[in-house]
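In what follows, residues are counted from 1 in the order of the sequence shown. It should be emphasised that the depicted structure is a prediction, and the values quoted were computed from it without experimental measurement.
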Amino acid sequence: MAKRPTKPAKTAASDDGDDAPAPKGSYKLVIVESPAKAKTITKYLGSGFKVEASKGHIRDLPPRAPKGSKQPVPGVDLDNDFEPTYEVSEDRKAQVTALKKLAKGAGEIWFATDLDREGEAIAWHLAELLGVDPLKAKRVEFDEITRTAILKAFEEPRPIDINRVNAQQARRILDRIVGYEVSPVLWKKVAGGLSA
């Protein structure tokens, strides 16, 4: 089981960009997953907030081990408690750069990702990338996009739920291990190209 997230996961560096940030504290940044949801929530929260979308997952285990590495399962250290290494997905690098710029000017950062285990993990990955302590994060959740539900959620923030994050990470790591360790057996015993 991965011992997460008592220390930051190793991660590939990403570009912060060179543009000057807005004055610190000039707004509250809210991060959701969906751009459509961001537009609707902006109407309810008002001008003191900037609502931006992560567009789903922003980090994952790398698709392959670094060149020259003998790591049998990319992104999972089998000899050190299955410690994962994450990297920002290629198609999310621009979005991460934009979020980092917005975070520099924000007085507060709120995480309003989806209710499920995946949403909790996305909030945690975002918190790590933006330098927010998950246990002090402002995590909000709602199951309907209405003014009443949104405003009520923002009155009752909570920390990021580390148990749910660990559950998602354990599942992702297990998927990766099974895929890389069992698939070659299927190729030999059953048929080529099968994936475990």
Query raised in the report: Can you name the residues that form a side-chain hydrogen bond (donor to acceptor under 3.5 Å, both in side chains) with E118, not counting sequence neighbours?
Result: H57, Q168
Query - Smallest separation among heavy atoms of L29 and E52, with atom names - result: CD1-CB, 4.3 Å
Query raised in the report: Is any side-chain heavy atom of V132 less than 4.5 Å from a side-chain heavy atom of K136?
Result: no
Requested in this report: Would you name the heavy atoms of V73 and R176 that are closest together and state the gap between them?
Outcome: CG1-CG, 3.3 Å
Report task. Output, in order, the C-alpha distance, side-chain angles, deciding distance and verdict of side-chain hydrogen bond (donor to acceptor under 3.5 Å, both in side chains) for E144 and T146. Result -> CA-CA 6 Å; E144 59 182 49; T146 63; 3.0 Å; yes
Report summary line: Smallest heavy-atom separation, K101 atom then Y27 atom, equals O-OH, 4.3 Å
Query raised in the report: Quick one: side chain to side chain contact (heavy atoms under 4.5 Å, CB included) partners of L174, sequence neighbours excluded?
Result: V178
**Report entry** Any donor-acceptor pair under 3.5 Å from N80 side chain to E83 backbone
**Finding:** no
Report task. Please identify each residue that fulfils salt bridge (charged side-chain N to carboxylate O under 4.0 Å, His left out) with R172, with sequence neighbours left out. Result -> D60
Report task. Kindly give the heavy-atom pair with the smallest separation between R164 and D116, and that separation in Å. Result -> NH2-C, 3.3 Å
Query raised in the report: What residues form a salt bridge (charged side-chain N to carboxylate O under 4.0 Å, His left out) with E155, not counting sequence neighbours?
Result: none
Query raised in the report: Residues in side-chain hydrogen bond (donor to acceptor under 3.5 Å, both in side chains) with K152, at least two apart?
Result: E156
Query raised in the report: So, the side chain of S69 versus the backbone of A65: is there a donor-acceptor pair under 3.5 Å, distance only?
Result: no
**Report entry** Rounded distance (nearest 0.5 Å) linking atom CG of L130 with atom NE2 of H125
**Finding:** 12.5 Å
Query raised in the report: Side chains of R59 and E128: closer than 4.5 Å at any heavy-atom pair?
Result: yes
Query raised in the report: Residues in side-chain hydrogen bond (donor to acceptor under 3.5 Å, both in side chains) with D161, at least two apart?
Result: none
**Report entry** Counterpart residues, salt bridge (charged side-chain N to carboxylate O under 4.0 Å, His left out), relative to R171 (two or more places apart)
**Finding:** D175
Report summary line: Residue pairs passing the ring pair (Phe, Tyr, Trp, His ring centres under 6.0 Å) test with at least one member in residues 87-115, sequence neighbours excluded, are W110-F154
Report summary line: Sequence neighbours excluded, the answer for side-chain hydrogen bond (donor to acceptor under 3.5 Å, both in side chains) partners of N163 is none
Query - ILVMFWY network linking F142 to L45, side-chain heavy atoms under 4.5 angstrom - result: yes
Query raised in the report: Do P134 and V165 have side-chain heavy atoms sitting under 4.5 Å apart?
Result: no
Query raised in the report: Does P159 reach the side chain of K138, with side-chain heavy atoms less than 4.5 Å apart?
Result: no
Report task. Calculate, to the nearest 0.5 Å, the distance between atoms CG and NZ belonging to D91 and K55 respectively. Result -> 9.5 Å
Query raised in the report: In chain order, what residues pass the salt bridge (charged side-chain N to carboxylate O under 4.0 Å, His left out) check against R139, with sequence neighbours excluded?
Result: E120
Query raised in the report: So, for Q71 and V76, which heavy atoms are closest and what is the spacing to 0.1 Å?
Result: NE2-O, 3.4 Å
Report task. Identify the two heavy atoms, one from A127 and one from I160, that lie closest to each other, and give their separation to 0.1 Å. Result -> CB-CD1, 3.9 Å
Show me, pair by pair, the donor-acceptor contacts under 3.5 angstrom made by side chains of residues 30-43, not counting sequence neighbours?
| unit_1 | atom_1 | unit_2 | atom_2 | d |
| --- | --- | --- | --- | --- |
| E33 | OE2 | D114 | N | 2.9 |
| S34 | OG | A36 | N | 3.2 |
| S34 | OG | K37 | N | 3.2 |
| K37 | NZ | D114 | OD1 | 3.0 |
| T40 | OG1 | A36 | O | 3.4 |
| T42 | OG1 | A38 | O | 2.7 |

**Report entry** Side-chain heavy-atom pair L99, L126 within 4.5 angstrom cut-off
**Finding:** yes
Query raised in the report: Roughly how far, to the nearest 0.5 Å, is CZ of F49 from OH of Y44?
Result: 15.0 Å
Query raised in the report: Of all residues at least two apart in sequence or in a different chain, which pass the side chain to side chain contact (heavy atoms under 4.5 Å, CB included) check with S47?
Result: none
Query raised in the report: Is it true that V140 and I109 fall in one hydrophobic cluster, defined by side-chain heavy atoms closer than 4.5 Å?
Result: no
Report task. Kindly indicate whether the side chain of S89, heavy atoms from C-beta on, has any atom under 4.5 Å from the side chain of I58. Result -> no
Query - Side-chain heavy atoms of P84 within contact of L61, under 4.5 Å - result: yes
Query raised in the report: Short question: side chain of Q95, backbone of A53 - any donor-acceptor pair under 3.5 Å?
Result: yes
Query raised in the report: Do Q169 and W124 come close enough that some side-chain heavy atom pair is under 4.5 Å?
Result: yes
